[in-house]
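Scroll down for the structure; my scribbles are underneath it.
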Amino acid sequence: MKRLGVNIDHIATLRNARGEKHPDPLYAAKKVISYGADSVTIHLREDRRHINDIDAKKICGLKNVLVNLEISMNKEIVNKALKIKPNFICLVPENRKEITTEGGLNIKKNLNKLEKIIKKFKKAKIRTSLFINPSPNDIRLAKKLNADCIEIHTGKLANLVKSKKNYSSELNRIKKSAKLASSLNIEVHAGHGLDYKTTKMLTKIIDIEEYNIGHFIIGESIFDGLSKVIKNLKKIIKR
Ligand code: PXP
């Protein structure tokens with residue numbers, strides 16, 4: 001069964017816009033699971049622009065909710081994550097000025113650092129994923145690092161599709177990368193910028209086991225409601 005992870009960071013963005021308590025990301029985490037999501041994703045950013053430490057602690061403490069915590073390689077955040085103990089970790093690059101995660105990790109440059117971090121998470125029995133660009137070299141390095149999963153950055157594909165440009169070579173790159181990772185026994189996830197159309201496109205790649213989607217789900221829910229949007233995506237993913 002293919003899985004849907006719902007990123008609820010932007011529930012916190014909305015709450016923070018008022019500086020009050022509503023809408024509550026903890027409540028959102030329980031709700032998205034009740035609507036059919038397989039897991040909840042939150043990104044504890046170094047600048048805490050959406051999810052904060054208290055949110056992360058409470059959400060990761062929920063029983064019967066699988067939580068995927070996205071973090072950078074920052075030492076303080078890594079130690080925090082080890083204390084909070086989410087079910088899953090996804091290591092992502094972070095750049096102060098970015099609006100959202102702009103690309104995959106530079107694995108080659110951070111090989112030693114990543115090796116140490118992954119060992120810590122694996123010792124704590126936390127499934128560990130690396131957010132990477134669809135590149136065969138990075139996938140081979142992810143294997144060397146003993147990562148459980150990779151999440152392929154689908155932002156470039158999403159941008160090409162949205163701007164009606166030719167996306168076939170990018171889709172092909174994702175397909176080849178997913179196949180290679182799968183053949184190396186690395187579980188394949190996909191995420192960033194996905195909506196109904198691009199998710200449907202990616203379901204043709206049988207190696208992708210999990211989709212992590214945030215901004216589109218929260219935005220579309222304003223019009224159609226969270227329950228309906230999650231159910232629509234689950235239906236697409238099941239095909
Ligand atoms: N996966 C990862 C690793 C991400 O960093 C993000 C953005 O935080 C997403 C998925 C979700 O992206 P979007 O909000 O564009 O759906």
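Along the sequence shown, residues are numbered consecutively beginning with 1.
Contact check on R48 versus E76 returns a salt bridge, with a Lys/Arg side-chain nitrogen under 4.0 Å from an Asp/Glu carboxylate oxygen. Salt bridge status for K122 with D148: present, with a side-chain N to carboxylate O gap under 4.0 Å. Salt bridge D195/K197: absent, no basic N to carboxylate O contact under 4.0 Å. A salt bridge does not link K2 with D38: none of the charged nitrogens is closer than 4.0 Å to a carboxylate oxygen. A salt bridge links R127 to E187: one of the charged nitrogens lies within less than 4.0 Å of a carboxylate oxygen.
Counting heavy atoms from C-beta outward, I230 and V6 have side chains that approach closer than 4.5 Å. Side-chain contact between E151 and V92: absent, with no pair of heavy atoms (C-beta onward) separated by less than 4.5 Å. A heavy-atom distance below 4.5 Å is found between the side chains of R173 and K156. The shortest distance between side-chain heavy atoms of N232 and K228 falls below 4.5 Å. Taking the side chain as every heavy atom from C-beta outward, L26 and D55 never approach each other to under 4.5 Å. The closest side-chain heavy-atom distance from E46 to S72 is below 4.5 Å.
Ring-plane geometry between H153 and F131 is classed as parallel, the angle between the planes falling under 30 degrees on a 0 to 90 degree scale with a further cut at 60.
For the side-chain contact (heavy atoms from CB on, under 4.5 Å) criterion with L194, the lone passing option out of V161, I217, T154, L233 is T154.
By the 6.0 Å contact criterion, NZ on K58 is open, its count of non-hydrogen atoms from other residues, nucleotides or ligands being 12 or less. For K57, the NZ atom is loosely surrounded, since the number of other residues' heavy atoms within 6.0 Å does not exceed 12.
Other residues sharing a hydrophobic cluster with I54 under the 4.5 Å side-chain heavy-atom criterion for ILVMFWY residues do not exist; the residue is a singleton. In the hydrophobic clustering, Y27 connects to no other residue, as no ILVMFWY side-chain heavy atoms lie under 4.5 Å from its own.
Looking at D207, its side chain never comes within 3.5 Å of a backbone N or O of S182 through a donor-acceptor pair.
The minimum heavy-atom distance linking N68 with I89 is given by the pair OD1-C, 3.8 Å. Closest approach of A142 and I150 over heavy atoms only: CB-CG2, 3.7 Å. In this structure, T41 and N212 approach most closely via the heavy-atom pair OG1-OD1, 3.3 Å. Closest heavy-atom contact between I236 and T203: O-CG2, 3.5 Å. In terms of heavy-atom proximity, K234 sits nearest to L4 at CD-CB, 4.0 Å. Minimum interatomic distance between V188 and A178 (heavy atoms only, all atoms of both residues): CG2-O, 3.6 Å.
For residues 51-89, no pair satisfies ring pair (Phe, Tyr, Trp, His ring centres under 6.0 Å), with sequence neighbours left out.
Residues K231 and S227 have side chains that bring a donor and an acceptor to within less than 3.5 angstrom of each other.
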